[in-house]
Amino acid sequence: MTEPPPALRLQFADDMFLRRHEGATSPAVNQVLWRLDGPFDAARLRDLAEHLAAGALHRRVVRSRVPGARHRWAPAGTLPVLDLQTAAVPEGGIGAWAQAQADVPLDPARGLSWRISAADVAGRAGGRPGAGGPGPGPVAGSIVSLTCAHAVADGAALIDAVVRAATHAEPLAVPVPERGRRALLADAADAAAQAAAVARWARDKARATAQAAAREVAPQGARAQVSGGTVHEPVPPPPPEAGLPAGPGAGAPPATRLMPAVASRRGGPGVAPGAAPAGLGAPAGPGAVVAPPVPGPADDPDWRVPVLHVELPADQVTQAAAAHGGTPNTWFVAFLARLVHATGRFPGEPVPVALPVSTRGADDPRANSTKIARVTIPADVLAHRDLSWVRAAAKEAYTAVGQTEPGVAPVPLELVQMLPDTLVSRLPQPPVAAALASNLGRPPEGYTQAAGGPVRAVATLSHYQGASSAELRAAGGGLVAFCTTAGRTTTLSVAALDPDRVPDAAALRRLVLAEAEAWKLPAAPW
């Protein structure tokens with residue numbers, strides 16, 4: 001008899017993102033937007049949805065029946081959601097339409113993990129003749145949206161799923177978990193493994209505490225003789241902990257040890273040598289300075305996170321970056337850090353920036369596998385747009401991702417994942433990243449052409465559905481940005497999670513266009 005494949009358990013980040021769909025915080029949703037030069041191809045999108053439904057994106061949660069065991073992923077078993085709209089979107093309303101699609105609720109616990117929607121774009125008014133729209137008109141193209149719960153896929157997992165579906169490659173399927181007695185035994189084994197990990201942490205924590213106490217008693221500069229003649233060498237104290245995920249922008253929660261980003265002088269980059277699993281957003285390290293929020297107006301229940309997508313000529317972006325000693329990636333990092341200064345945050349001070357890094361391997365079924373590299377960019381570097389400095393800092397930060405750091409984590413992630421929502425919600429929450437810059441570069445052709453063609457631009461962004469201004473103020477505010485290049489167009493997508501410094505879409509638009517002008521780049525906002 002063939003043994004069933006092992007259960008695919010929710011990782012820490014998956015679990016924390018799932019809780020956001022069930023608790024008081026806003027759910028995290030990733031969105032891909034394809035802007036096409038012609039009408040959308042309904043047959044192409046139905047084919048894409050069918051193949052996505054056969055892959056890893058189409059999953060749901062099977063809850064464990066043994067306390068302490070992690071939940072399992074299983075095939076969704078639901079029909080894909082495909083919303084092909086007949087009413088055309090006015091060209092000036094593309095951004096609002098895209099935001100409306102990102103606001104549609106998803107429920108990964110029940111298998112409603114993603115959806116595709118599409119609409120034609122009209123220069124004035126228009127629709128598909130005979131389809132019940134407002135009537136024929138000048139079609140200026142179309143817009144296609146794919147939204148996906150962050151709990152089931154980070155950026156790399158989403159790209160992998162789309163490429164496989166678009167190219168009809170072998171899908172990366174989620175295994176069907178065990179049932180009945182086998183499921184109970186598997187859950188019991190997983191609960192035991194989680195408990196063992198917590199026990200090891202408690203042992204190591206007690207040992208580290210004892211060693212720290214011994215060092216306090218021992219004379220400085222000498223070895224300490226303690227407990228039965230055992231000699232203890234000085235041990236570095238545990239590094240600061242990044243904490244657990246909280247408000248919008250937190251992305252996938254950081255794991256174990258995170259070193260804070262350190263601001264350095266012009267002579268060398270300030271780099272956070274640690275890294276942690278994270279997604280499209282990530283908390284700032286504890287060493288990062290979080291400016292106190294500027295007093296703002298009372299909470300408006302109709303307020304929403306300002307979002308902007310801007311098209312830039314890809315060749316001019318490359319030229320602007322090279323003129324300042326950098327690459328399009330380092331230009332993007334500096335662009336976002338300078339935007340933070342423009343909002344009034346960290347005036348004259350260094351800006352910490354989180355840089356997502358994928359650790360996904362071939363045929364990797366994990367939903368979230370991103371880590372975070374961190375750089376802190378001095379104010380004078382940003383003022384002079386010294387991209388050579390930023391390039392060196394980013395290179396050092398990427399190299400440091402995944403390096404083991406000494407010390408014992410203040411809280412074991414296995415313990416947190418075992419806790420009920422009521423207790424997890426009471427744990428200390430970290431601030432959001434001051435700036436999170438995720439550059440997808442030029443994704444695979446299957447990703448770019450997934451919705452059909454010809455493709456004018458591709459945009460990617462992370463959203464926090466229903467995030468209130470109060471929630472974002474409590475989290476500390478920040479900017480999340482993605483950069484995607486397709487053909488001759490680089491699309492910059494920015495979400496402002498800072499209701500007091502960037503209160504509305506008009507303010508965000510002014511900031512982004514002014515920064516593009518500083519680099520002498522023509523920008524076409526959606």
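Reckoned from all heavy atoms, side chains included, excluding hydrogens, waters and symmetry mates.
- The heavy-atom pair separating Pro352 from Ala434 by the smallest distance is O-CB, 3.8 Å.
- With rounding to the nearest 0.5 Å, the separation of CG in Leu308 from CG in Leu492 is 8.0 Å.
- The ring-ring contact (aromatic ring centres under 6.0 Å, His included) check on Trp114 picks up His58, with sequence neighbours excluded.
- Asn368 places a side-chain N or O within donor-acceptor distance of the main-chain N or O of His150, the cut-off being under 3.5 Å.
- Of the N and O atoms on the side chains of Glu471 and Ser26, at least one donor lies less than 3.5 Å from an acceptor on the other residue.
- Ser142 contributes a side-chain N or O that, together with a main-chain N or O of Phe40, makes up a donor-acceptor pair within less than 3.5 Å.
- You'll find the side chain of Pro108 reaches within 4.5 Å of the side chain of His21, heavy atoms only.
- Trp97 pairs by the ring-ring contact (aromatic ring centres under 6.0 Å, His included) definition with nothing, not counting sequence neighbours.
- By the 4.5 Å heavy-atom criterion applied to side chains, Leu33 and Val144 are not counted as neighbours.
- A salt bridge links Arg501 with Asp498: the distance from a Lys NZ or Arg NE/NH1/NH2 to an Asp or Glu carboxylate oxygen falls below 4.0 Å.
- In this structure, CG in Leu312 is found 5.0 Å from CH2 in Trp331, a value given to the nearest 0.5 Å.
- Considering all non-hydrogen atoms of both residues, Leu382 and Arg338 come closest at O-NH1, 2.7 Å.
- In plain terms, the two heavy atoms of Ala495 and Ser462 that are nearest each other are CB-O, 4.4 Å.
- You'll find the side chain of Arg115 stays beyond 4.5 Å of the side chain of Leu146, heavy atoms only.
- Closest of all the heavy-atom pairs between Tyr398 and Ala373 is CD2-CB, 3.9 Å.
- How far CG of Asn439 is from CG of Leu336: 11.0 Å, rounded to the nearest 0.5 Å.
- For the residue pair Asp47 and His168, a side-chain donor N or O sits within less than 3.5 Å of a side-chain acceptor on the partner.
- With rounding to the nearest 0.5 angstrom, the CZ atom of Phe482 is 8.0 Å from the CZ atom of Phe332.
- Although no hydrogens or angles enter the test, the distance criterion places a donor-acceptor pair under 3.5 Å between the side chain of Thr399 and the main chain of Lys395.
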Take Val81 and Ile116, measure what side chain to side chain contact (heavy atoms under 4.5 Å, CB included) needs, and give me the verdict at the end. CA-CA 6 Å; Val81 178; Ile116 291 176; over 6 Å; no

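- Inspection of the Thr484 and Tyr447 side chains reveals no N or O donor paired with an N or O acceptor under 3.5 Å.
- Ring pair His309/Trp526 is tilted by interplanar angle, where 30° to 60° counts as tilted.
- Side chains of Val455 and Gln449 form a contact here, defined as non-hydrogen atoms less than 4.5 Å apart.
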Which is it for Val32 and Trp34 under the side chain to side chain contact (heavy atoms under 4.5 Å, CB included) test, yes or no, and what are the steps along the way? CA-CA 7 Å; Val32 185; Trp34 291 271; 3.7 Å; yes

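- For the pair Leu106 and Val29, the minimum side-chain heavy-atom distance is below 4.5 Å.
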Can you list the steps and then say if Ile372 with Val357 is a side chain to side chain contact (heavy atoms under 4.5 Å, CB included)? CA-CA 6 Å; Ile372 291 293; Val357 180; over 6 Å; no

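- Within the 4.5 Å cutoff, side-chain heavy atoms of Leu82 are placed close to those of Leu45.
- Looking at heavy atoms from C-beta onward, Ser493 lies out of side-chain contact with Val307 at the 4.5 angstrom threshold.
- Looking only at distances, no side-chain donor or acceptor of Asp120 sits under 3.5 Å from a matching main-chain atom of Pro39.
- Nearest approach of Glu349 to His341, heavy atoms of both residues: O-NE2, 2.8 Å.
- One finds no salt bridge joining Arg360 and Asp160 here, because no Lys/Arg side-chain nitrogen approaches an Asp/Glu carboxylate oxygen to under 4.0 Å.
- A distance-only check finds a donor-acceptor pair linking the side chain of Arg44 to the backbone of Ala450 [under 3.5 Å].
- Smallest separation of non-hydrogen atoms from Leu497 and Val305: CD2-CG1, 3.7 Å.
- The residues Arg164 and Asp363 are annotated as salt-bridged, a charged nitrogen and a carboxylate oxygen being separated by less than 4.0 angstrom.
- Side chain to side chain, His324 and Asp386 fail the donor-acceptor criterion of an N or O pair below 3.5 Å.
- The distance from atom CZ of Arg488 to atom CD of Gln316, rounded to the nearest 0.5 Å, is 12.0 Å.
- Checking side-chain atoms of Thr490 against main-chain N and O of Ala486 turns up no donor-acceptor pair under 3.5 Å.
- Judged by distance alone, the side chains of Gln31 and Thr460 never bring a donor and an acceptor atom under 3.5 Å apart.
- Side-chain contact check for Val494 versus Val480: every heavy-atom pair is 4.5 Å or farther apart.
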Intermediate values then yes/no, salt bridge (Lys or Arg N to Asp or Glu O under 4.0 Å), Arg366 and Asp14: CA-CA 9 Å; Arg366 289 178 297 170; Asp14 309 352; over 6 Å; no

Evaluate the side chain to side chain contact (heavy atoms under 4.5 Å, CB included) criterion for residues Val310 and Thr491: first the C-alpha distance (whole Å), next the side-chain angles of each, then the deciding distance (0.1 Å), finally the verdict. CA-CA 6 Å; Val310 175; Thr491 306; over 6 Å; no

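- Remark: Asp504 CG to Trp303 CH2 distance equals 9.5 Å, nearest 0.5 Å.
- The salt bridge (charged side-chain N to carboxylate O under 4.0 Å, His left out) contacts involving residues 306-323 comprise Arg35-Glu311, Glu311-Arg456, where partners must be two or more places apart or lie in separate chains.
- Put simply, the side chain of Arg473 never gets that close to the backbone of Asp500: no donor and acceptor are under 3.5 Å apart.
- In this structure, a donor-acceptor pair under 3.5 Å is absent between the side chains of Gln101 and Asp103.
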